[in-house]
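See structure below.
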Amino acid sequence: MRGLLAVLMVGLLSGSVVTEAYAVVSSSTSDDSCDARGLRTATVEAQLRIDHEDRTYAKASATMTLTVPMSWKPAAHLLLSTGSDRYRRAMRCLARGDHDGVETRWEEWRAKDPAVTPATAPSGQESSRKRWLEVRLSAHAWVAQRGTVRVGPWTVEVSKARWDVRLASPDTLNQARWHEVTVDPSRPGARSAVPRATTKEDGGALVWRPTRAHGAPSVEVRIEPAWPRAFSALDDSPPYAVYSAVGGPLWPIAVVVAVWCALIVLPRRGVPDPVERKAVSNLRNWSLTLLGVALTVQGRDVYLAAVGAFENTPDWERSAAHAPYAWLTSAVAGALLLRFARPPRAVALLGAALGVGAAVPVLLPGVVGLAPERFVQPPGPGYVTVGVVWGATVCSFALPLLGGALAVRRVAVDGGLWRPRHQRPRTWLLMAGVGAVVAVIGICYAATAERDWNRASWLSPRFDPTEGYGDWHQAELRSSLLWFTETSQWWWFGLWWVLSGLAILAVLRSRAVRTPRATTLARRGPKAVDRLLLLLLFPVMAAMDIGVYTGSEVVAWSWFFLNFFALAGILRLTGRRAVPTRPLSVSGEPLATTLSATHRARLLDRARRYRELHAGLRGAASGQTDEGAAARRDMETRLRRLHRWRASTGSPDRLPRDVSVVDAALALGPCDTWWENGVRAARFTQPVALAFSGVLVWDKQLRGDALTNTLYDRLGLPDVVTQFVLWQVGYAAAGFLLGALWQELPGRRGPAKALALAAAYAMPIGLFALGNWILGEEQTTLAFAAASMLLILTLTGVRMDLETFRSELLPGRGSLSLLPVVYQTRYLSIQFAWVLAQAAAIATIAQFFADNGGPPWAFPGVSP
């Protein structure tokens, strides 16, 4: 035992001596490693371009090109691996200057590592290819916040009315040869420049070519950007941030108000159907729950915006004091969701335990030793404090997920949208599902936080124990843990529009299934409150989440009403052109008052004879004999007989003059009720929409700068899957509306009916695109989204027409074999041309996708 103790003591002492010696050596070598005098013969060129065009936020791109002599002591280190501390030290000397310790630049982004290549000697120097290296450093930053934005050797000082661009040369390059300095302010150009520029290029870039042999010029350029760009750069600063934060909860409030208007019309008592009573009660209770959750979660965002918690200020650690209160707001939101869901006792106890675990560290921070401002800085707190923060984070994230899952289950089961095997939720299965989601998102969040730290601290020494890199690295991990709940709230709260749509669908289903199928179209279609709910479903589930202007959500709520009135206006203007509204030839009453599902078999039989007689007429048209003329007269008489109908009073009548029996059959749709038509159309959209959902997710999250956003946004990777599913849900909702409004949409065939709904979808998008054009912001994939919706609904309408005549499908044949049956030769060529024109338009639009990337909205980390 004594021998073992002696060995341990010797090991500890020797380890300490080695560590101290390593620190001394590292310190001594780092003192003169930059060798600024060795860079006197180096040449430097620096460029900065600020791009305002077609962007919400201006993008500042900096490039610095250096020609470094190999006689410079750290030059050989530039040829090492980018993971080497010596490489970082040499690159830091060129990019940042002679500074030791950990340094982070959260606002600076790099598309690629610096390029180091052999170079020829600059003019005036001894020509020797092996004695020089060319180093090219590229970086960019987004002018998205008030304060100082650092990018490469430049700083952009952002204030309310102007931006001041300055060249902040690293101290190691103060004696180097600066050959050229370029600042391209783009439109509207520079207001002033000091010193006076040497020349101006054709594109408006200012160029300085210093006449002194050594030394960096003191360049300062003042820019007064257009007001949309200036406003966007202030959207995280009070009071502008408050405007955006207030606009956030106005959208769910608009939904709640619209639902309450529908609830006034819905019967509250005396409804014999228990399913409808439950569905209406759930819609009423969910509207109150949504209002409470919105005010709890987004109301806190208003407060944070007012106090400037989202600003990137030098007092960054003070913002950490606001982070723990997200545990409390998430716990309150989760409790509201659980109260709505009315879970079993075991699940309720689990939710109570999660709520206590999330709320206690906030209400009693002294008990657990939590001081947020110190928690995000070194030295690190004890393991108990870290464990408490970790537990509160997990509890505050799991509770809303648990409540949301149970709320979805209640709405779907009570409304008859889903019939599970077990009436009561399985506690263990629910816990496993929520735990899996928490684990997956937690892993993605941690990986993104680590990647973001490596990006921001890429020039900091990592293996030198004297620099404190490990301490600051751990502090960043603790900061990410502390802000996890705040960041995740923005993710899970944005999913609740699906639950709002399900609550509306549940009421629609409960009212539709108790409608007798034999009633006429005028009585069995969606009328009164059902029509209002369908119109409300359009902005809630089907319409595109258009976006915001100048990075602010102050007018985001208005798109809810624009989408609502777009569909209502289209139906009002085009409703008289629908086939069921056409008057009968004798009585003048609408076809909808006499046409019902009981006529389906008779209409299909008449439609078959109608096609056969028309085929016979085309064959007899070539004959000129008396027998041929008699045959034509007989077939024409039989065609006129097929046009006979009876009015609702039972008196003889005729179908409308411009409506054939095929048109009347197609007006019914493939199913007997408008609800079944809607469900069938929603199913038809899914396989068609897969490719379009994939393209939209690729463009918005996986292409260009958008990929950077996804990789560095804390919840960017899980959001890729989430957004794909949500696009599919939106397309399904649009298909449901197409089928449910089948009798009210204009046109005789499905593609014509799809045109009206697609127009209602595209009108607000067109208005938003016009606003973007006026403000000079990006258009992203607006045109592609509108065109894809039209094509998806067109193909869905074709499939609905084919399903109407499915009884005529021969064994062993596919649905496409019915195309000549439904559309005949003349109409078939028109439909093919229409679909091909849409596909060509979409392919053309896809070639002009703009780079819609913006600043990744990862929460700022620690700033040593």
Side-chain angles (χ1 to χ4, degrees), residues 247-266 283 286-287 290-291 293-294 298 411 493-508 526 528-549 553-574 678 681-682 685 689 696 723 726-741 744-745 754 756-771 782 785-786 788-790 792-793:
L250 288 180
W251 196 95
I253 290 175
V255 175
V256 171
V257 171
V259 168
W260 285 350
C261 293
L263 289 171
I264 294 175
V265 187
L266 284 169
L283 180 59
W286 168 247
S287 65
L290 178 62
L291 181 62
V293 173
Q298 295 187 308
V411 169
F493 182 80
L495 304 178
W496 294 140
W497 62 265
V498 176
L499 207 155
S500 301
L502 290 178
I504 297 173
L505 282 173
V507 175
L508 288 170
V529 67
D530 295 334
R531 182 185 175 91
L532 175 60
L533 289 174
L534 282 172
L535 293 176
L536 180 58
L537 189 68
F538 180 68
V540 172
M541 290 195 77
M544 182 180 178
D545 182 13
I546 296 178
V548 296
Y549 288 129
E553 296 184 3
V554 65
V555 296
W557 57 274
S558 62
W559 299 111
F560 173 86
F561 296 103
L562 288 174
N563 282 290
F564 179 89
F565 288 112
L567 180 58
I570 288 289
L571 294 178
R572 183 65 180 271
L573 293 174
T574 62
T685 61
L696 287 167
Q723 289 301 316
L726 293 182
W727 276 111
Q728 289 293 114
V729 172
Y731 286 130
F736 174 82
L737 288 171
L738 175 66
L741 298 171
E744 300 190 34
L745 294 171
L757 188 59
Y761 183 84
M763 286 174 59
I765 293 178
L767 182 61
F768 181 68
L770 178 62
L782 296 176
S788 62
M789 177 60 77
L790 176 59
I792 290 171
L793 292 180

Derivation and outcome, side-chain contact (heavy atoms from CB on, under 4.5 Å), residues Trp497 and Leu726
CA-CA 10 Å; Trp497 62 265; Leu726 293 182; 3.7 Å; yes

What's the separation between atom [atom1] in [X] and atom [atom2] in [Y], rounded to the nearest 0.5 Å?
X: Leu533; Y: Cys261; atom1: CG; atom2: SG; value: 11.5 Å
X: Leu567; Y: Met763; atom1: CG; atom2: CE; value: 10.0 Å
X: Leu502; Y: Leu537; atom1: CG; atom2: CG; value: 9.5 Å
X: Tyr761; Y: Ile792; atom1: OH; atom2: CD1; value: 8.5 Å

Looking only at non-hydrogen atoms, find the nearest pair between [X] and [Y] and report the distance.
X: Leu535; Y: Pro539; result: O-CD, 2.9 Å
X: Ala785; Y: Met544; result: CB-SD, 3.7 Å
X: Phe768; Y: Leu782; result: CD2-CD1, 3.6 Å
X: Ile570; Y: Ala760; result: CG1-CB, 4.0 Å
X: Pro764; Y: Asn563; result: CG-OD1, 3.3 Å
X: Leu534; Y: Leu737; result: O-CD2, 3.4 Å

Residues in ring-ring contact (aromatic ring centres under 6.0 Å, His included) with Phe538, at least two apart?
none

Do Ile765 and Trp559 touch side chain to side chain, with heavy atoms closer than 4.5 Å?
no

Flag side-chain contact, heavy atom, 4.5 Å: Pro252 against Phe493
yes

Using the test side chain to side chain donor-acceptor pair (under 3.5 Å), find all partners of Trp727 that sit at least two apart in sequence or belong to another chain.
none

Which class fits the ring pair Phe561 and Trp557: parallel under 30°, tilted 30 to 60°, perpendicular over 60°?
perpendicular

Using the side-chain contact (heavy atoms from CB on, under 4.5 Å) rule, take Trp286 and Leu290 through it: C-alpha gap first, then chi angles, then the decisive distance, then the call.
CA-CA 6 Å; Trp286 168 247; Leu290 178 62; 4.1 Å; yes

Chi angles and distances behind the side-chain contact (heavy atoms from CB on, under 4.5 Å) call for Leu571, Leu745:
CA-CA 7 Å; Leu571 294 178; Leu745 294 171; 3.6 Å; yes

As a quick check of understanding, evaluate side-chain contact (heavy atoms from CB on, under 4.5 Å) for Leu505 and Phe736, giving each step before the final call.
CA-CA 10 Å; Leu505 282 173; Phe736 174 82; 3.6 Å; yes

